[in-house]
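Input: a single structure, listed below in structure tokens.
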Amino acid sequence: MKTLKEIFYRICAAWALITFIVTFLIFYIPSMLTWLIPEPRGQVAFLWLAKWWMNTWLFLVGCPVKIRGKENFEKGKTYIVTFNHNSLMDVPLSCPYVPGANKTIAKASFAKIPIFGFYYKKGSVLVDRKDDKSRRQSFEKMKAVLAKKMHMCIYPEGTRNRTQDPLKKFHDGAFRLAAETGHDIIPVLIFNTKKVLPPGKSFYFRPHKLEMHFLPPESINNEDGHTVIKEKVFNVMKEYYSKHSN
């Protein structure tokens with residue numbers, strides 16, 4: 001039985017890859033036309049198309065997504081949005097389903113992928129974490145995103161969590177950004193992506209329901225600095241994830 005399941009999930013992986021490429025190519029040209037529209041309107045159009053793409057692809061691969069807590073985004077207000085990060089499946093979810101225009105901090109190396117890289121660049125602030133200059137520039141670019149009334153989406157764990165703990169230790173970036181700009185932070189928990197793409201398994205895809213929960217915003221107190229808000233957000237996300245994961 002175990003062998004049959006392994007074979008089935010690898011067939012699912014082939015199907016997921018094929019449908020990802022085909023649907024991406026369908027949405028690619030209209031998505032790239034949004035480069036011609038000034039931000040933030042261009043980003044709104046880009047994300048509208050990205051959401052349609054993801055809705056289509058997730059339906060085809062048997063991974064329906066349920067969103068909770070969108071009411072925590074106050075109309076007209078811009079936020080720093082912090083996600084947990086368990087799997088590559090987090091990436092296509094974190095951008096399209098955030099209410100309003102937004103960009104995500106992302107690895108610069110992915111932008112080098114032919115065709116896909118140009119799409120990836122549209123939705124991202126790129127950073128090479130091994131380059132100090134790139135990290136400094138990305139921080140200023142994130143400030144610019146917020147200044148344009150777009151949310152800035154960040155994975156404070158930095159890389160995927162391959163441990164058994166609910167969360168890895170947070171980096172400072174998101175919280176320094178909040179301290180310097182005064183923007184509130186909306187914590188977000190993504191559930192079940194590790195079940196779809198389990199760590200340690202190659203060419204494996206297990207269809208499963210996904211969920212993304214937006215929590216109430218956390219305000220930054222400039223007198224406390226970024227370390228206090230970092231600890232607070234970490235504890236809020238860890239407690240919520242522990243209670244709601246299964």
Side-chain angles (χ1 to χ4, degrees), residues 5-6 8-28 31 46-47 49-70 81-99 102-107 109-111 113 116-117 119-124 151 153-168 186-215 237-238 240-242 244-246:
K5 283 185 177 180
E6 292 287 316
F8 174 72
Y9 292 143
R10 280 169 171 77
I11 292 172
C12 289
W15 172 249
L17 179 61
I18 291 167
T19 53
F20 184 90
I21 293 171
V22 171
T23 54
F24 168 71
L25 292 175
I26 291 170
F27 282 92
Y28 181 74
S31 296
F46 174 77
L47 293 170
L49 288 164
K51 188 173 181 180
W52 271 101
W53 173 32
M54 279 299 103
N55 284 341
T56 303
W57 183 65
L58 292 171
F59 171 78
L60 291 172
V61 297
C63 291
V65 58
K66 183 175 183 178
I67 310 296
R68 294 182 179 178
K70 288 193 290 184
V81 187
T82 58
F83 294 87
N84 64 319
H85 194 15
N86 284 325
S87 162
L88 286 175
M89 278 295 290
D90 300 327
V91 178
L93 290 177
S94 60
C95 195
Y97 294 100
V98 171
N102 68 85
K103 290 199 175 187
T104 304
I105 189 73
K107 292 181 181 179
S109 57
F110 281 12
I113 301 173
F116 178 76
Y119 181 96
Y120 181 81
K121 197 173 179 181
K122 175 62 178 166
S124 309
H151 309 306
C153 301
I154 300 173
Y155 298 106
E157 293 168 284
T159 56
R160 283 170 285 167
N161 181 8
R162 296 179 181 273
T163 73
Q164 297 302 312
D165 296 326
L167 297 172
K168 286 169 56 182
I186 287 191
V188 188
L189 280 308
I190 301 176
F191 295 93
N192 299 325
T193 54
K194 193 179 281 189
K195 294 178 181 178
V196 177
L197 294 177
K201 285 186 176 288
S202 59
F203 207 71
Y204 186 101
F205 190 98
R206 179 187 173 194
H208 200 285
K209 180 180 72 173
L210 304 173
E211 294 192 24
M212 188 157 66
H213 298 189
F214 298 108
L215 307 189
M237 291 178 68
K238 182 179 179 180
Y240 189 93
Y241 187 83
S242 297
H244 293 82
S245 59
N246 47 47

Legend entry - Full working for side chain to side chain contact (heavy atoms under 4.5 Å, CB included) between Met89 and Leu210: CA-CA 10 Å; Met89 278 295 290; Leu210 304 173; 3.8 Å; yes

Inset, instruction - Given side chain to side chain contact (heavy atoms under 4.5 Å, CB included), test Phe205 with Leu17 step by step and report yes or no. - result: CA-CA 9 Å; Phe205 190 98; Leu17 179 61; over 6 Å; no

Inset, instruction - Determine, stepwise, if the pair Phe116 / Tyr28 fulfils ring-ring contact (aromatic ring centres under 6.0 Å, His included). - result: CA-CA 9 Å; Phe116 178 76; Tyr28 181 74; 9.1 Å; no

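Atoms NZ and CZ, from Lys195 and Arg206 in turn, are 6.5 Å apart once rounded to the nearest 0.5 Å. To the nearest 0.5 Å, atom OG of residue Ser242 and atom CG of residue Leu189 are 9.0 Å apart. In this structure, Ile26 CD1 and Ser31 OG are separated by 11.5 Å, a value rounded to the nearest 0.5 Å. Within the model, atoms CZ of Phe83 and SG of Cys95 stand 8.0 Å from one another, a figure rounded to the nearest 0.5 Å. Between the CG atom in Leu58 and the NZ atom in Lys209 there is a gap of 14.0 Å [rounded to 0.5 Å]. Atoms CZ and CD, from Arg162 and Glu157 in turn, are 12.5 Å apart once rounded to the nearest 0.5 Å.
When all heavy atoms of Pro207 and Val61 are compared, the pair lying nearest together is CB-O, 3.4 Å. For the pair Val196 and His208, the tightest heavy-atom approach, listed with the atom from each and the gap, is CG2-CB, 3.9 Å. Nearest approach of Tyr241 to Pro166, heavy atoms of both residues: CD2-CB, 3.8 Å. Residues Cys153 and Ser94 come closest through the heavy atom pair SG-O, 4.1 Å. Taking each heavy atom of Trp15 and Leu60 in turn, the nearest pair found is NE1-O, 2.9 Å. Across every non-hydrogen atom of Pro99 and His151, the tightest pair is O-NE2, 2.9 Å.
With hydrogens and angles disregarded, no donor-acceptor distance shorter than 3.5 Å links the side chain of Tyr155 to the backbone of Thr104. A distance-only check finds a donor-acceptor pair linking the side chain of Asn84 to the backbone of Ile190 [under 3.5 Å]. With hydrogens and angles disregarded, a donor-acceptor distance shorter than 3.5 Å links the side chain of Lys194 to the backbone of Asn161. Using modelled atom types, no side-chain atom of Ser124 and backbone atom of Lys121 make a donor-acceptor pair closer than 3.5 Å. Looking at Glu211, its side chain never comes within 3.5 Å of a backbone N or O of Phe191 through a donor-acceptor pair.
When side chains are defined from C-beta on, Leu197 does not count as touching Tyr204, because their heavy atoms never get closer than 4.5 Å. Within the 4.5 Å cutoff, the side chain of Thr159 has heavy atoms near those of the Lys168 side chain. Inter-residue side-chain proximity for Thr82 and Met237 is flagged as met; some heavy-atom pair is nearer than 4.5 Å.
Side-chain contact of Asn55 with Tyr97: a donor-acceptor pair under 3.5 Å is present, judged by distance alone. Checked by atom type, the side-chain pair Asp90/Thr193 shows a donor-acceptor distance below 3.5 Å.
Of the listed residues (Phe27, Phe46, Phe110), just one forms a ring-ring contact (aromatic ring centres under 6.0 Å, His included) with Tyr119, and that residue is Phe46.
Ring geometry, Trp57 versus Phe20: the interplanar angle exceeds 60°, so the pair is classed perpendicular (tilted spans 30 to 60°).
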